[in-house]
Asker: 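Can you keep this structure in mind? I'll have questions shortly.
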Amino acid sequence: GSSDDSSDDGGALTMAIVAPSASDDLAFSQSMVDSVNALDREITLSITDGTFIVEEAAAAIRGYAEDGIDVVIAHGTQFGASLAEIAPDFPDTTFVWGTATDTQGLGNVFAYSPASDEGGYVNGVVAAAVSESGKIGVVGPVEAGDAVPYINGFTTAAEAGGAQVSVTYTGSFGDVALAAEAAQAHLANDADVLTGTAQMVVGAVGVAADAGVPWFGTQSNQTSLAPDLVIASQVYHWEVVLEEMLDLRDSGTKGGKAFEINLANGGLVIEFNDGYDLSDDVRASADAAIAGIIDGSVNTGA
Amino acid sequence: MGDFFTTSVLVATAASAVRLATPYLLAALGETIGQRSGVLNLGVDGVMMLSAFFAYWTVLETGNMWLGVLVALLVGLMMGVLYGVITVFFEATQGISGIGIFIFGLGFSDLLFRQQVGTPKPIRRLPNIDIPLLSDIPYIGEPLFQRNLMTYAAFALVPVTMIVLNKTTFGLNIRSVGENPQAADSLGVSVERTRFSAIMIGNAFAGLAGAALVLQLGIFQPHLTQGMGFIAVALVYFGAWKPLGVMGGALLFGLVNAVVLQWKALGIIPVSISDLAGMAPAVVTIIALVLLARRVNAPAALTKPFVRS
Amino acid sequence: MTDTNNNLLEMRGVTKRFPGVVANNNIDLDVRYGEVHTLLGENGAGKSTLVKILFGLYQADEGEILLRGNPIDIDSPSAAIDSRVGMIHQHFMLVPTLTVCENVALGVPSDRRPFTDLENVATRISDISNEHGLAVDPWVKVEHLSVGERQRVEIIKALYRDAELLVLDEPTAVLTPKEVEDLFVILRRMADSGKGLIFISHKLREVMSLSDRITVLRDGEVVGETTPSETNRQELAQMMVGRDVRLTPDLPESKLGAKRLELSDLTVIGDNETVAVNKVSFDIHAGEILGIAGVSGNGQRELAEAIAGLREIEPGSSIELDNSDVTLCSTHERREKGLGFIPEERIPDGAIPDFTVSENLVLVNHGDENFTKRGLFSFDSIRSHNVELVSDFDVKTPSIETPTSSLSGGNIQKVILARELSAKPTFLLACQPTRGVDIGAAEYIHNRLIEQRDIGTATLLISEDLDEVIGLSDRIAVMYEGEIISIVSGEDAERNKIGLLMAGVTD
Amino acid sequence: MINKLLGGLVPFIAALAAFACGAIMLVALGANPFVGLEAIFDGAFGSGDRIAVTAVRATPLILVGAGITIAFRTNVINIGGESQIIAGALLATVTALALPDLPAVVLIPLIIVAGAVGGGILGAIPGALKAYASVNEILSTIMLNLMMVQFMNYLLRGPLIDPYELQAGTRIPQTQRLSDNAALPSLAGDTRLHLGVLIAVLAAGVAYVILWRTPIGFRLRAVGHSPKAARAAGINVKRNITLALTISGSLAGIAGAILVFGSEGQRMVTDGSATGFTSSAGFNGIVAALFGGLHPLWTVPSAFLFGALLTGATQLQRVLQVPSSLAVAMNGLIVIFVISSSRVRSWLDKTLSDSKLFNKQDDADSSHEEMSQTNG
Ligand SMILES: Nc1ncnc2c1ncn2[C@@H]1O[C@H](COP(=O)(O)OP(=O)(O)OP(=O)(O)O)[C@@H](O)[C@H]1O
Ligand SMILES: Nc1ncnc2c1ncn2[C@@H]1O[C@H](COP(=O)(O)OP(=O)(O)OP(=O)(O)O)[C@@H](O)[C@H]1O
Ligand SMILES: [Mg+2]
Ligand SMILES: [Mg+2]
């Protein structure tokens with residue numbers, strides 16, 4: 001596709017995503033691409049992915065704005081500082097930035113964030129219930145972004161369920177080998193349920209699959225990585241809040257508002273894997289947790 | 001700390017060390033052969049990435065792991081031809097052409113992955129194969145003799161490399177062109193042919209390293225190696241250009257990595273200093289080298305293109 | 001014997017050009033079975049070029065080569081080896097980290113392919129050793145061998161390949177007199193067994209004693225052919241250089257001045273952790289040349305390095321320059337205190353081949369005030385200084401910006417000499433100052449050293465050329481196993497007596 | 001004359017060949033290669049702003065490259081650019097955090113010096129290890145690269161993290177916004193062209209002067225060509241080896257400072273990977289230096305070329321939706337082709353002059369011999 005025809009009058013809305021990892025990473029970046037594609041509008045989309053270097057992302061964001069793209073999604077918390085410099089230069093462009101809980105006071109920036117602790121909590125409830133050894137391993141990338149609330153929510157629920165949770169941050173979003181080995185380390189410590197977040201967990205899922213240990217996913221539906229062993233994935237449906245932003249934009253508001261996706265507004269969905277035979281009462285406790293979170297009776301601890 | 005010194009955890013850590021060491025060992029052994037012939041190849045990381053991708057893709061398409069290994073080997077050989085032409089026939093500066101190969105491998109493997117695969121799909125991982133009797137030995141049986149075939153191959157290649165280097169005429173030629181190509185040339189040893197073959201073998205090993213890595217992981221991602229190839233080059237220096245030394249270096253590096261991960265999992269290393277702990281493998285490697293204080297000399301002709309004069 | 005059929009080798013009308021020089025111009029050379037044929041000529045006369053063509057390292061531009069009467073095309077060293085031509089190069093072609101066996105086996109197909117067959121090789125080496133008197137342990141690494149032993153390995157390599165024509169390019173340049181003697185016995189025996197030898201050397205004494213025939217080259221052309229019985233050293237020297245040459249310098253009466261160098265109890269540990277220099281004490285005064293005679297390997301190298309500050313010395317030793325203790329000083333500081341140093345090896349110690357002549361001329365004193373202005377080089381003053389030096393010291397070079405590597409050995413030596421003497425040293429440490437240098441240049445260097453002595457420099461001359469030591473020294477110290485076992489005055493020195501002392505015979 | 005011309009063209013032909021390969025890849029990806037190459041060119045030079053961005057991208061390459069020329073000329077291989085960049089950036093960042101209120105005229109020189117010191121330390125360590133403990137510098141610099149990334153991650157996630165990140169719970173590994181007094185001022189109006197670019201070019205000039213016009217550089221080069229001869233001449237070889245890596249590291253360290261204080265966000269930020277902060281400038285700088293023939297001044301245009309490729313690649317992805325890894329692959333190909341071309345050039349020189357096509361006729365015979373020798 002091409003985004004050259006970025007004229008405002010008539011035609012499709014032009015949107016662009018600048019994302020740190022590959023757009024089909026089964027994780028963070030893919031969640032946004034899938035969401036934009038799920039929008040119920042005619043959209044011309046352009047993607048610049050793999051821009052884990054912040055300065056490179058900044059150049060891409062600026063480039064899209066210069067090209068006259070209507071909505072530029074800066075899909076990475078770390079792009080915020082650059083966005084603060086760029087957004088004021090392009091008042092007619094709407095920038096969408098996340099994950100972030102505020103817009104840095106910028107009038108043409110919408111912010112979005114996932115309440116990833118909610119899905120973490122639900123996953124944790126199920127994890128504690130299926131664990132026999134009572135030990136659960138978590139493989140995290142670096143202690144940042146939505147990984148932290150996810151892991152916190154997960155830990156809260158799992159520990160409430162009587163399990164012992166051990167968290168390893170490998171120190172890298174990209175090091176698949178290290179993530180795999182971190183999962184092995186958990187297994188060596190008798191963990192019999194694993195979860196993890198960020199794109200490097202694909203390595204850890206493989207280890208879980210080989211060991212026959214259940215896995216919980218987040219960000220995207222990771223069932224395809226281990227069709228027999230992924231119990232559930234917390235999936236981000238950004239389209240819920242993107243739709244709202246675009247409506248606001250249509251009505252003349254270019255930004256200035258922060259959105260959250262959560263279980264209540266349908267932006268977060270726990271997708272259970274039909275291929276995994278989860279007992280009905282465990283499934284029921286998960287549904288109870290979801291309901292509790294939605295009505296506010298459950299505290300995820302994040 | 002007590003949790004760490006239990007048999008099962010120690011054994012698991014040792015097993016993890018051996019697993020982590022496997023790709024390093026393969027790549028570093030190959031680099032050793034190349035360097036002994038006087039050719040520095042800084043492009044190992046690039047070759048590993050390309051071969052890892054092709055191995056992955058082959059397995060993804062055919063489901064045949066050994067075909068994947070074969071393809072990785074061929075990719076390694078092809079990169080060897082490329083590198084050989086550049087450094088031996090075009091007499092290009094080795095340091096930079098190696099970096100060229102690295103950058104090419106980095107970009108091209110990423111590009112191919114995006115085009116041909118995109119979303120990471122898991123492939124079968126190498127199964128562990130127990131060696132009868134040996135695998136039942138307490139403590140060392142599991143880490144050493146319940147491993148996958150690529151690991152066995154890597155460690156088996158250590159004595160093979162030693163024999164080739166030290167006991168065969170080909171090895172004699174390799175060592176002589178690495179030390180004094182003029183002398184070898186004056187005796188009718190073809191410096192070009194010897195170096196070219198050494199490069200081919202070295203790159204083939206790097207190809208196997210890529211295959212071992214990806215088949216142990218069962219998944220591919222852009223920049224899968226995360227600089228492993230460079231560490232492999234460093235391990236050649238650490239091992240003083242000797243296969244056994246290189247093996248020691250790879251195991252040490254793997255072990256420190258494994259211990260750190262294990263300690264993180266056990267909470268011995270708190271999350272707040274998890275990054276500092278990540279420095280450990282490199283620190284230990286340097287300290288070990290300073291303490292050993294070996295004054296070993298590199299092959300005298302290393303990095304020097306041969307020009308008959 | 002003049003029958004062409006007796007010629008093992010004939011080179012006819014061989015011409016080889018390099019950019020800017022004709023290294024060989026229409027050269028004819030023949031070598032008979034069973035003779036030692038010497039090539040003689042100044043540095044750069046084209047000797048090495050000619051034999052490299054024979055060994056396939058260069059290709060002649062014109063001319064032809066006949067071996068055993070048949071024209072032959074030698075396009076690579078392996079072709080030469082196949083034609084049973086062997087070569088001992090000016091610089092050893094050995095792999096130091098390999099054993100003797102491995103060095104010999106290199107490039108020869110093994111019977112146990114793909115494995116090497118070193119036991120067999122060792123047996124054959126022993127056979128060759130016995131037959132030709134070339135004692136060497138096949139299992140030791142070459143890096144642990146002395147220079148003489150390495151030479152033997154080179155000869156064994158050639159014999160192992162069944163060489164019938166053996167080329168030796170300056171084989172004696174790095175040998176001790178004793179080693180030269182041994183080598184000549186071996187070479188003679190080889191010639192007597194019917195092989196043909198081409199021998200290159202600058203040392204006329206050796207040439208006279210070994211050769212059957214002598215061909216003299218000058219500027220790439222043959223200027224004459226003779227035999228030792230028809231000529232003498234003086235005449236040979238003249239043929240080579242084209243003018244009269246003084247073979248032994250005139251040494252005028254010395255005027256002794258103040259003490260410049262004093263060594264007390266100097267003890268130095270060598271590379272192999274043994275005592276290389278043992279409690280050596282002597283002093284040298286201004287206007288004096290002290291020569292060290294000794295078979296190489298008796299501590300001369302370590303002595304020189306210790307004095308130059310390149311090697312640590314043991315506690316209790318001391319070195320004084322001009323009455324100030326320099327024991328703890330770096331080389332740089334010693335040089336600032338008046339040390340001049342001509343290292344034993346031109347390359348790699350004395351000069352940097354990749355540097356220009358100009359850069360090598362200021363290698364030591366590039367930081368001098370008159371060469372820099374506010375921290376930056378002032379190239380004008382450097383250039384004028386160097387132009388002067390090049391003309392003073394008669395360095396043959398196209399320009400001072402020429403890379404030093406393209407100069408002949410003798411001229412590189414002159415560059416080093418010019419550099420070291422221009423700093424006006426009060427004490428000069430001269431190691432092997434004329435090694436590998438032709439007799440014309442050697443004469444020049446000797447005169448320079450004497451000139452320096454006469455203006456008050458104290459000189460320590462370390463040389464393996466006994467003629468040089470005897471001819472130049474006011475006093476001669478004989479070094480044996482790390483100790484100075486005798487110091488005799490230059491006038492009393494007798495070649496034979498010093499030869500005995502060098503062998504450790506003191507009575 | 002014609003030989004010279006042809007010879008000089010060879011690197012360009014090599015670069016063109018690499019671009020041709022890039023075009024083939026574009027076709028394979030189903031994109032129009034001409035549009036693609038145009039996008040690269042447009043992205044790199046399309047407007048004043050873009051040229052400025054290209055120059056900014058080239059800046060760390062110039063600095064690292066200039067340092068590489070010094071190290072390589074001393075015959076030490078510095079693969080530690082990455083760690084030196086990081087160290088320089090960290091020390092400069094800490095300086096700006098500690099003294100935010102100093103006026104720009106004081107603070108900017110100070111952060112540059114801090115960068116130089118930080119990088120210098122990371123150069124001095126492998127230098128001293130090589131000189132005094134015989135630890136090979138390839139090994140130590142590679143290991144230091146690994147270590148510094150982790151150390152940076154530790155600092156940016158712990159002691160140096162923006163307090164706001166902790167408060168908000170987002171925990172991006174980044175510092176707070178650094179003092180505006182330390183921001184590198186723009187050189188040309190609104191463009192990104194900032195003082196750092198000028199500093200880099202000046203630094204390349206200084207490297208040139210050091211190497212070729214001063215006794216310091218003379219000694220470094222002497223040590224590089226022949227440590228033995230240098231030692232005998234009284235030059236302290238160990239100290240000079242350490243010095244070479246220190247200078248080289250300092251220049252990389254300055255690049256680190258410039259990466260922080262010339263950035264859009266005016267803060268130090270990473271993603272936790274090795275290249276997240278440096279953009280691999282520690283490696284690409286080596287390429288730029290060698291591409292420039294290890295001459296500090298030629299490093300400048302050479303770095304600019306690679307900078308252009310990097311900026312152009314971003315545009316390529318935007319316009320054609322082709323992964324930017326294509327540009328990375330092309331980058332590698334350019335290095336490979338150009339590095340191989342010097343041999344081709346000398347071969348060309350030789351065959352052309354031997355064949356005397358442009359000289360006298362009567363020597364034609366001998367030329368055939370020579371040609372076949374060169375080939376064989
Ligand atoms: N490879 C080369 N390239 C250019 N010129 C060369 C080359 N080899 C030799 N020459 C030149 O050819 C001439 C003859 O050199 P050659 O080495 O044959 O002299 P030589 O007689 O062996 O001198 P010496 O006694 O110093 O060893 C010299 O002028 C030398 O500079
Ligand atoms: N060959 C030289 N020519 C001119 N100046 C030099 C030379 N070598 C060193 N210098 C200068 O002299 C100073 C001291 O140099 P150098 O380190 O070589 O000697 P040193 O200090 O005595 O050594 P050491 O510390 O080993 O005792 C240096 O700052 C350098 O600038
Ligand atoms: Mg010669
Ligand atoms: Mg001192």
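Lettering follows sequence order; numbering is per chain, from 1.
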Asker: Find the one option among Gly63(A), Gly80(A), Ala58(A) whose heavy-atom pairs under 4.5 Å with chain D are most numerous.
Answerer: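 Most heavy-atom pairs under 4.5 Å with chain D: Gly63(A).
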Asker: Under 4.0 Å between a side-chain nitrogen and a carboxylate oxygen: does that hold for Glu55(A) and Arg192(D)?
Answerer: yes
Asker: Return the CZ to CD distance between Arg177(D) and Glu85(A), rounded to the nearest 0.5 Å.
Answerer: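 Output value for this atom pair is 4.5 Å.
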Asker: For atom CD of Glu159(A), decide whether the heavy atoms of other residues, nucleotides or ligands shown that lie under 6.0 angstrom number more than 12.
Answerer: yes
Asker: Does Phe304(D) CZ have over 12 foreign heavy atoms under 6.0 Å away?
Answerer: yes
Asker: With a 4.5 Å cut-off on heavy-atom pairs, point out which of Thr99(A), Thr48(A), Asp146(A) contacts chain D the most.
Answerer: Thr48(A)
Asker: Using a heavy-atom distance cut-off of less than 4.5 Å, which residues of residues 45-55 of chain D contact chain A?
Answerer: Asp49(D), Arg50(D)
Asker: Does any heavy atom of chain D fall under 4.5 Å from the side chain of Val148(A), the backbone, both, or neither of them?
Answerer: side chain
Asker: Rounded to the nearest 0.5 Å, how far apart are CG of Asp67(A) and CD of Gln315(D)?
Answerer: 6.0 Å
Asker: Identify which part of Ala84(A) has an atom lying under 4.5 Å from any heavy atom of chain D, answering side chain, backbone, both or neither.
Answerer: neither
Asker: What pair of heavy atoms forms the shortest contact from Ile47(A) to Gln321(D), and how long is it?
Answerer: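 Residues Ile47(A) and Gln321(D), closest heavy atoms: N-OE1, 2.8 Å.
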Asker: Could you check whether any side-chain heavy atom of Gln317(D) comes within less than 4.5 Å of a side-chain heavy atom of Asp49(A), counting everything from C-beta outward?
Answerer: yes
